[in-house]
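Here the structure comes first, spelled out in structure tokens, and everything after it is commentary.
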Amino acid sequence: MTDNQHGIANIDQIKRWSPVWIVPIVTLLIGGWILFYHFSHQGPQVTLITESAEGIVAGKTTIKSRSVDIGTVESAVLTDDLHHVEITARLNAGMEKLLHKDSVFWVVKPQVGREGITGLGTLLSGAYIELQPGAKGEQPEHYQLLDAPPLAPPDAKGIRVILDSKKAGQLNAGDPVLFRGYRVGTVETSSFDTDKRMMTYQLFIAAPYDRLVTTNVRFWKDSGIAVDMSASGMRVEMGSLTTLFSGGVSFDVPDGWELGELAKNQSDYHLFDDQRSIQDSLYTAHTDFLMFFTDSIRGLQVGAPVEFRGIRLGTVAQVPYMIPGVNQALNTDYRVPVLIRIEPDRFISRLGGDFNLEKHLQDGKRRGLRATLKTGNLLSGALFVDLDFYDNAPAYKGPNEVAGLEVIPTVSGGLSQIQQKLMAALDKINALPLNPMLNEATGTLKESQRTLQQMQKTLNNLNQITGSPAMKTLPADMQQTLRELNRSMKGLQPGSPAYNKLVGDMQRLDQVLRELQPVLKTLNAKSNALVFEAKPGQDPQPKRAKQ
């Protein structure tokens with residue numbers, strides 16, 4: 001401190017630095033270094049979205065890849081909409097290279113599936129999250145946490161195809177994909193496309209079997225056991241043991257087709273119901289025809305075959321076919337219209353040459369070509385349309401074309417035709433003069449009985465003559481003649497074989513005629529009683545005694 005001219009003291013501050021500040025400064029630097037080191041060496045953060053956090057515990061549940069710990073779950077909270085669970089996990093440093101757009105996370109826990117029991121090791125250690133590393137794309141904001149592992153890795157070598165079907169529940173994730181009974185792939189996903197209004201299935205076929213998928217292959221549902229009762233008969237098919245209980249899907253190139261080119265990834269195909277429907281779908285070219293049936297069409301369904309002497313020519317397209325602008329009177333002459341499709345590709349390739357379908361049909365109709373309904377399956381009553389030539393077919397006088405469609409004439413067939421023939425035969429039997437014949441036979445029997453009685457009297461008289469004393473006075477030749485006549489007549493007297501046989505035949509004839517009378521009365525009352533059961537008549541009522 002110094003004095004100045006005015007007597008005021010000047011104060012000088014000490015500018016020396018105190019060593020006490022070294023400790024907090026060093027502590028601050030160490031803490032900053034620790035924070036920098038922690039955050040600089042901290043792994044990436046991952047957000048997972050799932051429906052339920054069952055088995056997930058914050059700070060305990062680990063994240064693994066190929067059974068190696070690579071991170072830990074930090075928190076599990078509900079999302080803002082309260083419909084999902086948001087799980088925050090931290091991976092170890094250097095694990096950024098595992099995270100890509102196609103990376104997959106799923107929960108590993110004990111499960112029982114069609115492949116067996118999995119995740120038994122988590123009974124003691126608890127559930128954990130498995131990471132399948134990706135290879136393409138940048139890391140998204142969040143990943144979907146799956147309940148089960150993916151059926152095929154995203155980077156697996158192979159091909160994925162898309163199937164569409166109108167029926168739901170045909171395939172499930174995990175069902176096998178077969179080629180001629182050998183498993184080559186798996187059904188990955190099953191979902192409903194609201195835009196197409198159809199079921200969509202995604203299939204994965206692993207390499208090297210992906211080369212079997214070409215542009216000409218067809219996919220069909222491979223059921224464990226398939227039973228079909230149609231107009232073609234009863235058919236039972238049993239698949240392999242792989243699809244016996246769960247089912248699956250098979251594919252192959254239809255018979256007669258070329259293999260085609262290799263299919264591209266994510267190619268679209270249609271899923272057919274069975275292998276037989278594939279063959280029917282190959283014939284796309286067709287010509288429509290119209291038929292009018294007077295018989296009942298019960299049992300005739302869409303898809304029933306149209307055949308010519310066992311050779312399939314086409315398919316029933318619509319039954320009954322409502323013709324626009326054409327009305328029929330509902331009377332005894334009503335005819336049910338049926339639309340059929342003749343598919344020339346079924347038989348033109350076998351016939352060869354220039355086959356003119358229209359010309360052959362016109363010639364056939366003039367020569368008696370007619371369509372008829374026949375029973376294809378007696379158990380189910382399924383019908384099919386049969387084309388054939390009928391010698392006694394009446395001439396067709398109807399229109400050759402209705403509503404722009406050519407008409408093929410028809411005749412009654414099957415049970416209806418048999419019934420008509422049987423009714424005609426019964427009418428002829430009913431027209432026979434059976435009652436006069438019965439009366440005549442009864443009269444003949446009575447006359448035969450009187451004749452036998454007269455023969456017996458004659459035989460008795462002859463015996464008296466041959467045994468009388470006057471017999472000895474007759475010439476020897478006449479005596480011999482009378483003896484021979486006596487022996488002949490004894491062969492016809494009562495008790496002889498000829499007499500017994502004649503009487504037995506007469507009695508049997510009388511019994512047959514008596515038993516035939518109720519049948520004739522029933523046929524007179526109802527001529528079709530042999531086909532359809534006739535109602536029993538009322539029992540005769542006894543008359544009251546006169547008072």
Side-chain angles (χ1 to χ4, degrees), residues 38-39 41-156 158 160 171-176 185-191 201-204 206 245-246:
H38 173 74
F39 286 103
H41 289 75
Q42 193 176 32
Q45 188 180 36
V46 180
T47 302
L48 307 177
I49 304 297
T50 182
E51 297 291 336
S52 174
E54 180 183 2
I56 305 298
V57 180
K60 181 179 179 181
T61 303
T62 60
I63 300 177
K64 297 183 179 182
S65 180
R66 303 182 187 274
S67 301
V68 177
D69 293 347
I70 60 172
T72 307
V73 173
E74 293 183 341
S75 64
V77 296
L78 292 174
T79 57
D80 295 337
D81 58 2
L82 304 179
H83 292 162
H84 301 85
V85 178
E86 181 180 298
I87 298 175
T88 303
R90 179 72 63 177
L91 302 185
N92 299 337
M95 296 295 103
E96 297 88 351
K97 54 187 177 182
L98 301 179
L99 299 176
H100 294 276
K101 185 178 181 180
D102 54 355
S103 299
V104 182
F105 292 84
W106 70 89
V107 179
V108 178
K109 54 186 177 181
Q111 290 183 344
V112 178
R114 66 183 67 204
E115 302 296 337
I117 302 175
T118 59
L120 291 178
T122 60
L123 291 175
L124 299 178
S125 62
Y128 64 89
I129 298 176
E130 181 74 16
L131 167 61
Q132 180 177 281
K136 299 178 181 179
E138 297 293 334
Q139 177 184 350
E141 295 182 358
H142 62 270
Y143 291 94
Q144 190 72 27
L145 181 61
L146 305 178
D147 293 332
L151 299 174
D155 57 346
R160 285 178 169 85
L171 297 176
N172 298 312
D175 287 345
T186 308
V187 178
E188 287 190 318
T189 60
S190 172
S191 60
Y201 306 101
Q202 179 173 300
L203 278 59
F204 176 74
F245 300 103
S246 61

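Every value quoted in this text rests on a predicted model; they were computed, and no experiment measured them.
- The shortest side-chain heavy-atom distance between V46 and L99 falls under the 4.5 Å cut-off.
- Contacts of E96 classified as side chain to side chain contact (heavy atoms under 4.5 Å, CB included), with partners at least two apart in sequence or in another chain: P44.
- Atom-to-atom distance recorded for T50:OG1 and I87:CD1 is 6.0 Å, nearest 0.5 angstrom.
- Pairing each heavy atom of S75 with each of A58, the nearest pair is CA-CB, 3.8 Å.
- Residues L146 and V104 meet the side-chain proximity criterion, which asks for heavy atoms closer than 4.5 Å.
- Although no hydrogens or angles enter the test, the distance criterion places a donor-acceptor pair under 3.5 Å between the side chain of S65 and the main chain of L131.
- Among the candidates I70, V68, T72, the single residue satisfying the side-chain contact (heavy atoms from CB on, under 4.5 Å) test with I63 is I70.
- The local environment of NZ in K64 is crowded, with over 12 non-hydrogen atoms from other residues, nucleotides or ligands closer than 6.0 Å.
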Could you pull out all donor-acceptor pairs under 3.5 Å where a side-chain atom in residues 133-145 meets a protein atom, sequence neighbours excluded?
residue	atom	partner	partner atom	Å
Y143	OH	H100	O	2.8
Q144	NE2	I49	O	3.4

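- Scored by the side chain to side chain donor-acceptor pair (under 3.5 Å) test, E74 finds R90 as partners (sequence neighbours excluded).
- In this structure, I129 CD1 and T61 OG1 are separated by 6.5 Å, a value rounded to the nearest 0.5 Å.
- How far CG of L171 is from OH of Y201: 5.0 Å, rounded to the nearest 0.5 Å.
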Return all side-chain donor-acceptor pairs below 3.5 angstrom for residues 77-85, not counting sequence neighbours, or 'none' if the list is empty.
residue	atom	partner	partner atom	Å
T79	OG1	D81	OD1	2.4
T79	OG1	H84	N	3.4
T79	OG1	H84	O	3.3
D81	OD1	H83	N	3.2
H84	NE2	E51	OE2	3.4

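- Side-chain contact between F204 and T186 is absent, with no heavy-atom pair separated by less than 4.5 Å.
- Atoms CH2 and CG, from W106 and L48 in turn, are 12.5 Å apart once rounded to the nearest 0.5 Å.
- Taking E130 as the reference, nothing meets the side chain to side chain donor-acceptor pair (under 3.5 Å) condition, with sequence neighbours excluded.
- The minimum heavy-atom distance between N92 and D69, with the atom names listed, is ND2-O, 3.4 Å.
- For S191, the side chain to side chain donor-acceptor pair (under 3.5 Å) test picks out no residue, with sequence neighbours left out.
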